[in-house]
Amino acid sequence: MPELPEVETIVKRLKSELVGEVITRVEVKRAKSFQGNTKQLKGRRIVDVSRRAKLILIKLNQDNLLIHLKMTGQLILINDHKRLGGGHPSADWIGGLPSSHTRVIIYLMSGQVLYFNDQRVFGWIRQMSDQAVDQELAQYGPDIINVRVTAGYLYQRLQARSSAIKLVLLDSRVVAGLGNIYVCDGLFLAGINPQKKAKTVSLSQVTKLLTALKTVINRAIKLGGASINTYRQVDGLSGGYQDELLVYGREDMPCPQCGAKIERFKQGGRSTFWCRQCQR
DNA sequence: AATTATGTTGCGGT
DNA sequence: AACCGCAACATAAT
C-alpha cells in the first residue's frame with residue numbers, strides 16, 4: 001500500500017483536480033469495495049480533498065468519502081477517456097480502464113472519471129458523516145510529519161513498549177503514515193537495529209530516528225512515492241522513490257553505506273530489510 | 001507448488 | 001494488560 005508519501009502524492013493531485021467537481025454517478029463493480037448510497041451521492045459537490053494517516057478524505061457538501069487503498073488500491077483520473085497529463089500508454093498502470101481490477105467508478109460533471117482499482121480488494125470507499133469520519137480518524141496517532149511528533153513525544157511512546165522498535169513504528173496508534181518501506185529505510189538511515197527493544201532506544205537515538213524517518217518520507221513525497229508493485233499516481237504514472245530505496249527490497253544487494261550484504265528476516269509476519277554492520 | 005506482496009484487524013495463547 | 005504468532009481478507013507474480 002501506499003504509505004504516507006504515496007497517499008500524499010495522490011491527494012495533492014486529486015485536490016487540485018477535484019475541488020468544485022460534482023458527482024454525476026457512482027458505479028460499483030464490486031460490492032465489498034464500496035459502502036454507502038450511490039443514489040444519494042448524485043449531485044454532491046466536492047469541497048476538499050485531504051489526507052490523514054494513509055486515508056484519503058474527500059469532503060462533499062454533505063457527507064464525505066473516506067478511502068483506504070490498503071495494499072493495491074489505485075485512484076486514476078481520466079479526462080474524456082484520455083489519461084490526465086497526456087504521455088503515451090505504458091505499463092505504468094494495470095491495463096486499460098476500466099480494467100478487471102476496477103472496483104468503483106466515479107463520474108464527474110466535467111467529464112472526468114475517477115477509477116478506483118484494487119487488485120486484492122482489501123481497500124474501500126465509504127460514504128460517512130462528519131462525525132463518523134472523526135470517530136474513524138480518532139484511533140490514529142499523529143502523522144509522522146505532524147509538528148506534534150517531537151522527539152520527546154516519540155521517546156515517551158517508545159518507552160512504554162517492550163517490543164521491537166520496527167513493530168512499534170508500524171503501530172498506527174503511536175505514529176501514523178509509516179509502513180514497511182519507510183520504516184525499514186528510516187531505521188537504516190538512523191543506524192538502529194530493527195530488533196532493538198523500543199524502550200531501550202535512547203532519546204538521542206530517537207531524535208536521530210525521527211529526523212531519518214522524516215528525511216525518507218519527505219524525499220519520497222518529492223519523488224511522487226515508491227512504485228514497488230501496483231502503486232501509481234493519479235495520472236497513472238509511477239513514482240520515483242523505488243529507485244532510491246536504501247534497504248527495502250534489497251536483500252543480498254550491497255549496503256549503500258558499507259557494502260555488506262543487506263539481509264532480510266521476518267518481524268510480525270513481514271519482511272524486515274537491514275544492514276547488520278550499520279544498524280546496531 | 002510454495003512463497004511473496006506498500007495494510008489492518010482480530011483471535012487465541014502466553 | 002501487554003505481547004506474540006498466526007489467520008483472514010483476495011489476487012497475481014515469481
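Excluded from the calculations below are hydrogen atoms, water molecules and symmetry mates; all remaining heavy atoms, backbone and side chain alike, are included. Below, chains carry the letters A, B, ... as their sequence lines are ordered, and counting in each starts from 1.
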### Message
If you count heavy atoms of other groups shown closer than 6.0 angstrom to NZ of A:Lys32, is the number above 12?
### Response
yes

#### Entry: Length of the line joining A:Arg264:CZ and B:dT3:C1', which is rounded to integer Å
9 Å

### Query
Taking the P atom of each, how far is B:dA2 from C:dA7, in whole Å?
14 Å

### Task
Would you tell me if any nitrogen or oxygen in the side chain of A:Thr72 comes within less than 4.0 Å of OP1 or OP2 on C:dA10?
no

### C:dA10: pairing nucleotide in any strand, Watson-Crick or G-U under 3.5 angstrom
none

### Query
Does any donor atom in the side chain of A:Asp235 or A:Gln233 lie under 3.5 Å from an acceptor atom in the other side chain?
no

### Task
For B:dT9, take OP1 and OP2 only and decide whether either is under 4.0 Å from a side-chain N or O of A:Gln139.
yes

### Query
What integer distance in Å separates A:Lys197:NZ from C:dA2:P?
16 Å

### Query
Is A:Ser172 touching bases, backbone alone, or none of the nucleic acid, heavy atoms closer than 4.0 Å?
nothing

### Query
Is A:Lys54 near enough to B:dG7 that one of its side-chain N or O atoms lies under 4.0 angstrom from OP1 or OP2?
yes

### Task
Look at A:Glu27 together with A:Lys29 and state whether they make a salt bridge at an N to O cut-off of under 4.0 Å.
yes

#### Entry: Any A:Arg161 side-chain N or O less than 4.0 Å from OP1/OP2 of C:dC3
yes

### Query
Is A:Arg157 reaching over with its side chain to a backbone N or O of A:Gly141, donor-acceptor style, under 3.5 angstrom?
no

### Task
Inspect the contact between A:Arg30 and A:Asp118 and indicate whether a charged nitrogen and a carboxylate oxygen are less than 4.0 angstrom apart.
no

### Task
Compare side-chain N and O positions of A:Lys266 against OP1 and OP2 of B:dA5 and report whether any pair is under 4.0 Å apart.
yes

### Distance, rounded to the nearest Å, where A:Ile228 contributes CD1 and B:dT4 contributes P
17 Å

### Same-atom distance (P) from C:dA10 to B:dA1, integer angstrom
22 Å

#### Entry: Atom-to-atom span, NZ of A:Lys166 to C1' of C:dG5 - whole angstrom
15 Å

### Message
Using a 4.0 Å heavy-atom cut-off, does A:Tyr182 contact any base of the nucleic acid, only the sugar-phosphate backbone, or nothing at all?
### Response
nothing

### Same-atom distance (P) from B:dT8 to C:dA1, integer angstrom
24 Å

### Task
On DNA chain B, check which nucleotide each of A:Arg120 and A:Glu136 is closest to and give me the residue with the more 5' one.
A:Arg120

### Query
Should A:Arg270 be listed as having a side-chain N or O under 4.0 Å from OP1 or OP2 of B:dG7?
yes

### Query
Across the strands shown, which category fits A:Glu251 at heavy-atom distances under 4.0 angstrom: base, sugar-phosphate, nothing?
nothing

### Message
Any base atoms under 4.0 Å from A:Arg173, or only sugar-phosphate, or nothing? Heavy atoms, all strands.
### Response
nothing

### Task
Looking only at side-chain atoms of A:Ser162, point me to the closest of C:dA2, C:dT11, C:dC9.
C:dA2

### Query
Atom NE2 of A:His68 to atom P of B:dT9: distance rounded to whole Å?
7 Å

### Query
Reckon A:Ser271 touches a base, only the sugar-phosphate, or nothing at all at heavy-atom distances under 4.0 Å?
sugar-phosphate

### Message
Please check: side-chain N/O of A:Gln279 versus main-chain N/O of A:Cys275, any donor-acceptor pairing under 3.5 Å?
### Response
yes

### Query
Under the 5.5 Å and 30° test, is A:Phe122 stacked on the base of B:dT8?
no

### Message
Can you see if the side chain of A:His101 gets near the phosphate of C:dT11 - specifically, an N or O under 4.0 Å from OP1 or OP2?
### Response
no

#### Entry: Pair A:Asp130 + A:Lys59, salt bridge at N-O below 4.0 Å
yes

### Message
In whole Å, I'd like the distance from the NZ atom of A:Lys70 to the C1' atom of C:dA12.
### Response
19 Å

### Task
Figure out the CD/C1' separation between A:Gln74 and B:dA5, and round it to whole Å.
14 Å

### Task
Starting from P on B:dT8, measure out to CG on A:Leu69 and report it in whole angstrom.
11 Å

